[in-house]
Amino acid sequence: AITTLSGATLAGAISLAISRQQLKAAHDQRAEDAEQDKHRRSIERRFSAYADFLDKARSFRNALRPYGYQPVPLLAPKDISALARSAHAASPLAFLVVESRRTRVALGELVTAMSDIQRVLDDRSDPADKPWPDLNKRIKSALDSSRTPQGKNSKSAGRRIATRKADNA
């Protein structure tokens, strides 16, 4: 009877120890999964803010392109200025989430180019007297230099997000 009782006690102690280990492992796994999910959401927010800003900046550039090349542009200067204001409104969030100095500088150049072009658009002088080809080249160059977010792990993070989305589809 004592042997049975001591065996049951020993088995209970072993079972309790194993259960605690399993609970700790499960807790650690949940904590790790939560941290990975938080990091993934952070990356997605960063890319989303950056993409939103670049989409609006591209819309501005696309509306600006006909100036200097066509006799009658598709949009009025006030409409193009509205697109620039929309891109400017999206830029602070892009600046907040950018990780590298190189991308911050590229975004700064793009915002400066949009501001300069917006001043030219708001100027009431004759549109034919404005340097449209140079302005188009400037915004194209600024957009090209800020096309992809640069930063530590941005490429690998983007691949991980794309892979997860493909796996979930």
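Computed from a predicted model, the values in this text were never measured in an experiment.
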For the [atom1] atom of [X] and the [atom2] atom of [Y], what is their distance to the nearest 0.5 Å?
| X | Y | atom1 | atom2 | answer |
| --- | --- | --- | --- | --- |
| S59 | L64 | OG | CG | 12.0 Å |
| L110 | R61 | CG | CZ | 11.0 Å |
| H39 | E44 | NE2 | CD | 10.5 Å |
| I117 | I139 | CD1 | CD1 | 4.0 Å |
| I43 | R41 | CD1 | CZ | 11.5 Å |
| K24 | Q29 | NZ | CD | 12.5 Å |

(Q) Which Ile, Leu, Val, Met, Phe, Trp or Tyr residues join I14 in one cluster when any pair of side-chain heavy atoms under 4.5 Å counts as a link? (A) L10, I18
For [X] against [Y], the heavy-atom pair lying closest together:
| X | Y | answer |
| --- | --- | --- |
| A87 | A57 | CB-N, 3.8 Å |
| L83 | F60 | CB-CA, 4.1 Å |
| F95 | R104 | O-NH1, 3.1 Å |
| L121 | S81 | CB-OG, 3.9 Å |
| A106 | S145 | CB-O, 3.5 Å |

Q.
If hydrophobic clusters are built from ILVMFWY residues whose side chains come within less than 4.5 Å, do L107 and L93 share one?
A. no
Q: Could you list the residues that satisfy salt bridge (Lys or Arg N to Asp or Glu O under 4.0 Å) with D55, not counting sequence neighbours?
A: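 Partners of D55 under the salt bridge (Lys or Arg N to Asp or Glu O under 4.0 Å) test: R58.
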Q | Basic-acidic side-chain contact under 4.0 Å: K56, D52 | A | yes
**Q.** R30 and D33 ion-paired at < 4.0 Å
**A.** no
(Q) If you count every heavy atom of other residues, nucleotides or ligands that lies below 6.0 Å from R20 atom CZ, does the total exceed 12? (A) no
Q) Can you check whether R40 reaches Q36 side chain to side chain, under 4.5 Å on heavy atoms? A) no
(Q) Within the 4.5 Å heavy-atom criterion, are R138 and D134 side-chain neighbours or not? (A) no
Flag, side chain of [X] to backbone of [Y], donor-acceptor distance under 3.5 Å:
| X | Y | answer |
| --- | --- | --- |
| S141 | K137 | no |
| T112 | G108 | yes |
| S115 | V111 | yes |

